[in-house]
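First, the structure itself, so that you have it in front of you.
We count residues from 1, following the sequence as given. If you're wondering where the values come from, they're calculated on a predicted model, not measured in any experiment.
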Amino acid sequence: MQTNSNPKPLKLPENVDAYNRIAKTALFIKSNEQKELKILTIHKDSMTSSHQNDQVIITGLLYLSITIPTIERHKNSHSNPSLSLPNMLSSDQTLYHYSLLTLYFITPLTFISLFFIQTPYGKHHRAGWGPTISPPLAWFLMESPTLWLTLLLFPFGLHRSNPKALILISPFLLHYTNRTCLYPLRLLKTTAAGKNSGFPVIIAMIAFGFNLLNAYLQAGWVSHYKDYDGDGWFWWRFGLGLGVFLVGMRVNIWADKMLVGLKRQGGGYKVPRGGLFELVSCPNYFGEIVEWLGWALMTGSWAGFGFFLFTCANLVPRARGNHEWYMEKFGEDYPKERKAVIPFVY
């Protein structure tokens with residue numbers, strides 16, 4: 001197929017604000033024969049209101065608007081086709097796709113394995129799992145990718161400046177600011193008093209790896225892959241999901257504070273009392289499950305729903321283990337009517 005090496009100048013719509021951010025509007029013309037990108041300069045005074053539906057122009061300018069800082073590198077992409085912008089975007093889409101499949105693959109495996117093996121930290125701590133570190137340090141390190149990787153990836157997304165994207169990612173960052181920074185500080189007081197066992201390094205490393213995967217998926221969806229313009233239900237879904245999320249977060253933080261407070265009192269483990277503790281053994285886990293249900297509603301995505309399912313797969317078996325541990329330790333003194341994690345259900 002012959003390629004037109006001298007394409008006619010194209011007139012661009014002057015009423016699109018995104019285009020006006022580019023001092024010299026450029027158009028990507030893809031050669032069908034050489035499979036390379038050429039950049040043509042189009043003077044701003046040639047813009048008219050015609051061709052407003054020209055998808056080639058729109059696509060080309062959107063590509064350019066997110067790659068201006070590295071445009072020189074893409075000019076030379078013919079010397080290394082693997083560095084061309086379409087190939088880079090296609091590679092990221094492939095990585096994202098398989099990362100999402102990985103999340104759905106490990107979820108049932110996690111659920112099944114944790115019904116037979118209790119993760120050895122907290123009240124289930126036991127020898128034989130290698131070296132340990134301080135629990136506050138473990139929580140800080142293994143949860144940290146949810147903050148630094150999210151903040152690192154977000155500015156590279158197509159929607160990095162979209163107010164909807166910035167608002168949507170905020171609850172995710174809010175939760176992990178508490179889990180990564182504030183929760184370890186609360187634990188630090190009990191550790192200083194010698195009331196905390198060690199946290200196995202291998203478990204912290206596994207959690208660190210999962211949080212890398214999950215931060216990539218959630219940040220990638222919110223900042224790049226979500227279609228905000230075509231989502232007419234965004235604010236309705238966001239409002240509903242945010243309400244669910246905040247209720248869950250309130251329960252989660254309250255229950256964590258209650259458990260940490262019992263540890264500070266000394267004298268070993270005690271039966272938690274009050275509030276949702278009268279209904280379930282692990283309201284902290286129940287609150288976190290509710291949080292990520294809210295997140296799934298807010299995002300309306302397979303990434304958000306997958307994270308919700310993984311949270312259930314991770315916390316429901318552990319809640320069951322905690323419930324059985326309480327009943328074995330306290331016997332007749334432990335309320336028989338309490339469920340493990342879901343009030344009145346399980």
Side-chain angles (χ1 to χ4, degrees), residues 103 139-140 142-151 154 159 162-187 207 210-211 214-215 217-223 226 228 231-261 272 274-316 318-319 339-346:
L103 176 62
W139 280 101
F140 172 76
M142 69 188 187
E143 300 288 334
S144 65
T146 55
L147 293 180
W148 59 259
L149 185 58
T150 298
L151 295 175
F154 202 91
H159 307 297
N162 189 322
K164 291 181 179 179
L166 294 171
I167 292 172
L168 183 55
I169 199 63
S170 298
F172 184 83
L173 293 174
L174 178 64
H175 170 88
Y176 280 109
T177 297
N178 172 68
R179 182 60 66 201
T180 305
C181 303
L182 303 181
Y183 179 67
L185 289 176
R186 292 195 292 268
L187 282 182
F210 170 78
N211 283 319
N214 192 50
L217 288 172
Q218 308 307 323
W221 174 260
V222 174
S223 69
K226 182 171 175 59
Y228 292 95
D231 187 359
W233 290 90
F234 174 83
W235 291 113
W236 291 98
R237 190 170 54 249
F238 176 79
L240 175 62
L242 181 63
V244 174
F245 182 92
L246 292 177
V247 168
M249 188 173 184
R250 177 69 182 90
V251 171
N252 178 250
I253 293 176
W254 169 81
D256 278 344
K257 287 183 176 180
M258 288 285 292
L259 293 172
V260 171
L276 278 175
F277 278 109
E278 300 301 326
L279 300 178
V280 293
S281 296
C282 302
N284 51 334
Y285 295 163
F286 172 68
E288 189 151 350
I289 290 171
V290 171
E291 277 187 81
W292 299 122
L293 172 61
W295 174 253
L297 292 173
M298 278 188 281
T299 62
S301 67
W302 287 110
F305 184 65
F307 184 27
F308 165 69
L309 290 181
F310 183 87
T311 301
C312 294
N314 181 36
L315 296 184
V316 169
R318 185 164 181 84
K339 300 296 183 179
V341 61
I342 307 297
F344 311 110
V345 177
Y346 180 80

Of the non-hydrogen atoms in Trp254 and Gly275, which two are nearest, and what is the gap between them?
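Looking at all heavy atoms of both residues, the shortest contact is CH2-CA, 3.8 Å.
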
When rounded to the nearest 0.5 angstrom, what is the spacing between CZ in Arg250 and CG in Leu246?
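Spacing of CZ (Arg250) from CG (Leu246) equals 11.5 Å.
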
Give the minimum heavy-atom separation between Thr180 and Phe140, together with the two atoms involved.
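Shortest heavy-atom separation between Thr180 and Phe140 comes out as O-CD1, 3.2 Å.
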
Which class fits the ring pair Phe210 and Phe310: parallel under 30°, tilted 30 to 60°, perpendicular over 60°?
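Answer is parallel, since the angle falls under 30°.
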
Check step by step if side chain to side chain contact (heavy atoms under 4.5 Å, CB included) holds for Leu276 and Val251.
CA-CA 8 Å; Leu276 278 175; Val251 171; 3.5 Å; yes

Between Leu297 and Phe308, is any pair of side-chain heavy atoms under 4.5 Å apart?
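In short, these two side chains do not touch, never coming nearer than 4.5 Å.
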
Grab the two heavy atoms, one from Ala340 and one from Val280, that are nearest each other, plus how far apart they are.
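Taking Ala340 first and Val280 second, the nearest heavy atoms are O-CB, 3.8 Å.
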
Under 4.5 Å between any side-chain heavy atoms of Phe305 and Thr299, yes or no?
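Heavy-atom side-chain distance check fails, nothing below 4.5 Å.
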
Does a side-chain heavy-atom distance below 4.5 Å link Val316 with Ile289?
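Yes, close enough: below the 4.5 Å cut-off.
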
Against Met298, only a single residue in Ile169, Leu242, Leu240, Val244 fulfils side-chain contact (heavy atoms from CB on, under 4.5 Å); can you say which?
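In the set Ile169, Leu242, Leu240, Val244, the residue that makes a side-chain contact (heavy atoms from CB on, under 4.5 Å) with Met298 is Leu242.
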
Which atom names give the shortest non-hydrogen contact between Trp295 and Leu168, and what distance separates them?
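Scanning both residues completely, I find the closest heavy atoms to be CZ3-O, 3.2 Å.
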
Could you tell me if the ring centre of Trp292 sits under 6.0 Å from that of Phe245?
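Under 6.0 Å, so yes.
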
Take the angle between the ring planes of Phe234 and Phe238 and call it parallel below 30°, perpendicular above 60°, tilted in between.
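Phe234 and Phe238: parallel rings.
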
Side-chain heavy atoms of Tyr346 within contact of Lys339, under 4.5 Å:
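Answer no - side chains too far apart.
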
Report the distance from atom CZ of Phe307 to atom CG of Leu103, rounding to the nearest 0.5 Å.
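Result: 9.0 Å between the selected atoms.
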
Check: Glu291 and Thr311 side chains under 4.5 Å, non-hydrogen atoms
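A side-chain contact under 4.5 Å is absent here.
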
Under 6.0 Å between ring centres, would you say that holds for Tyr183 and Trp139?
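Judged by ring-centre distance (under 6.0 Å), Tyr183 and Trp139 do meet the cut-off.
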
Does the side chain of Leu173 come within less than 4.5 Å of Leu151's, by heavy atoms?
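Result yes, sub-4.5 Å side-chain heavy-atom pair found.
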
Could you report the tightest heavy-atom contact between Thr150 and Ala215, atom names first, then the distance?
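Minimum heavy-atom separation between Thr150 and Ala215: OG1-CB, 3.8 Å.
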
With a 4.0 Å cut-off, would you call Arg179 and Glu288 a salt bridge?
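Counted as a salt bridge, because a side-chain N and a carboxylate O are separated by less than 4.0 Å.
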
Do Cys181 and Leu147 have side chains that approach each other closer than 4.5 Å (heavy atoms only, starting at C-beta)?
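Touching, per the 4.5 Å side-chain cut-off.
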
Side chain to side chain contact (heavy atoms under 4.5 Å, CB included) evaluation trace for Asn314 with Tyr285:
CA-CA 10 Å; Asn314 181 36; Tyr285 295 163; over 6 Å; no

Counting C-beta onward and ignoring hydrogens, is there a side-chain heavy-atom pair between Ile167 and Trp235 closer than 4.5 Å?
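In contact.
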
Rounded at 0.5 Å granularity, tell me how far OG in Ser223 sits from CG in Leu166.
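Separation between the atoms: 10.0 Å.
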
Show the nearest heavy-atom pair for residues Phe277 and Pro272, with the distance to one decimal.
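Scanning both residues completely, I find the closest heavy atoms to be CD2-CB, 3.3 Å.
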
Rounded to the nearest 0.5 Å, what's the gap from CG on Leu149 to CD on Gln218? Could you check?
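If we round to the nearest 0.5 Å, Leu149:CG and Gln218:CD are 11.5 Å apart.
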
Any donor-acceptor pair under 3.5 Å from Asn284 side chain to Asp256 backbone
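Side chain of Asn284 to backbone of Asp256, a donor-acceptor pair under 3.5 Å: no, none is there.
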
Are Lys164 and Asp231 close enough, and set up right, to give a side chain to side chain contact (heavy atoms under 4.5 Å, CB included), and what steps lead you there?
CA-CA 11 Å; Lys164 291 181 179 179; Asp231 187 359; over 6 Å; no

Plane angle bin for His159 and Tyr228 - parallel if under 30°, tilted between 30 and 60°, otherwise perpendicular:
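Rings of Tyr228 and His159: perpendicular, over 60°.
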
Hey, is the main chain of Tyr176 close enough, under 3.5 Å, to the side chain of Glu143 for a donor-acceptor pair?
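Not confirmed, Glu143 side chain does not pair with Tyr176 backbone.
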
